Engineer: 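Pasting a structure below so you can have a look.
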Amino acid sequence: MQDLMREMQQNRRLLDKAINAYKERGSDYAQKKRDYGVALAAKILALRADGFPVTIIGDVARGDERVAQLRLDRDAAEVVYESAREAIHAYKLNIRILESQIAREWGHASEM
């Protein structure tokens, strides 16, 4: 029983850390998403000013090295953000499983 309680406390600590990481990673993702959007818009405006045909401006702008790097950074930040969310779900599930195990053990103890 003590082992289950210790494991429960450990999962709760890990859940707290995952929630904090989720918040930080969400902020980072939002900032990178903003940086990419701003750079893409600036590149599109610059290309329009240079007289590029409108039909290819989006592709050319996204192919710009700086814009492409910002998009990569944004996509990587999104994956890290989503992994933190999945960790939260996993810790919650582990806690529920441990709660069920503890309830069964308490039920077993009262039957004896």
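Note that the structure is a prediction, hence the values are computed from the model and not measured. Scope of the values below: all heavy atoms of this structure, side chains included, with no hydrogens, waters or symmetry mates.
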Engineer: Within this structure, what is the CG-CD distance for the pair D28 and E78, rounded to the nearest 0.5 Å?
Structural biologist: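 Spacing of CG (D28) from CD (E78) equals 12.0 Å.
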Engineer: Measure the spacing between CZ of R85 and CZ of R25 and express it to the nearest 0.5 Å.
Structural biologist: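 One finds 13.0 Å between CZ of R85 and CZ of R25.
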Engineer: Is there a side-chain contact between I102 and E105, using heavy atoms and a 4.5 Å cut-off?
Structural biologist: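 SC-SC contact between I102 and E105 ruled out.
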Engineer: Rounded at 0.5 Å granularity, tell me how far CG in L15 sits from CG in L93.
Structural biologist: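 Between atom CG of L15 and atom CG of L93 there are 11.5 Å.
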Engineer: Under 3.5 Å, is there a donor-acceptor pair between the N20 and E24 side chains?
Structural biologist: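 Looking only at side-chain atoms, E24 and N20 do not form any donor-acceptor pair under 3.5 Å.
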Engineer: In this structure, would V80 and Y22 fall into the same cluster of hydrophobic residues linked by side-chain contacts under 4.5 Å?
Structural biologist: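 The answer is no; the residues belong to distinct hydrophobic clusters.
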Engineer: Do side-chain atoms of D50 reach the backbone of F52 as a donor and acceptor pair under 3.5 angstrom?
Structural biologist: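 Answer holds: no.
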Engineer: Which distance, rounded to the nearest 0.5 Å, do you find between the CD1 of I97 and the NZ of K92?
Structural biologist: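 So the CD1 of I97 and the NZ of K92 are separated by 14.5 Å.
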Engineer: Report yes if the side chains of Q9 and R6 come closer than 4.5 Å at any heavy-atom pair, otherwise no.
Structural biologist: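 Q9 vs R6: side chains apart.
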Engineer: Show the nearest heavy-atom pair for residues A21 and A84, with the distance to one decimal.
Structural biologist: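 Taking A21 first and A84 second, the nearest heavy atoms are C-CB, 4.5 Å.
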Engineer: Roughly how far, to the nearest 0.5 Å, is CZ of R62 from CD1 of I44?
Structural biologist: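 I44 atom CD1 to R62 atom CZ measures 5.5 Å (nearest 0.5 Å).
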Engineer: Taking the side chain as every heavy atom from C-beta outward, state whether L70 and K32 have any pair of such atoms under 4.5 Å apart.
Structural biologist: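 Answer no - side chains too far apart.
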Engineer: Judged by atom type as modelled, is there a donor-acceptor pair below 3.5 Å linking the side chain of N11 to the main-chain atoms of E7?
Structural biologist: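 Side chain of N11 to backbone of E7: a pair is present.
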Engineer: Side chains of D35 and R74: does their closest heavy-atom pair fall under 4.5 Å?
Structural biologist: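 No, side chains not in contact.
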Engineer: Looking only at atom types and distance, does a side-chain atom of R71 sit under 3.5 Å from a main-chain N or O of V67, one as donor and one as acceptor?
Structural biologist: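 Such a contact is absent between R71 side chain and V67 backbone.
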Engineer: State whether D16 and R13 are salt-bridged, where the test is any N-O pair (Lys NZ or Arg NE/NH1/NH2 against Asp/Glu carboxylate O) under 4.0 Å.
Structural biologist: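 Here D16 does not pair with R13 in a salt bridge, since their nearest N and O are not under 4.0 Å apart.
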Engineer: Hey, what do you get for CG (L40) to CZ (R66), rounding to the nearest 0.5 Å?
Structural biologist: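 Going from the CG atom of L40 to the CZ atom of R66 covers 11.0 Å.
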Engineer: Should V79 and D75 count as side-chain neighbours, where that means a heavy-atom distance under 4.5 Å?
Structural biologist: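 With C-beta onward as the side chain, the pair stays apart.
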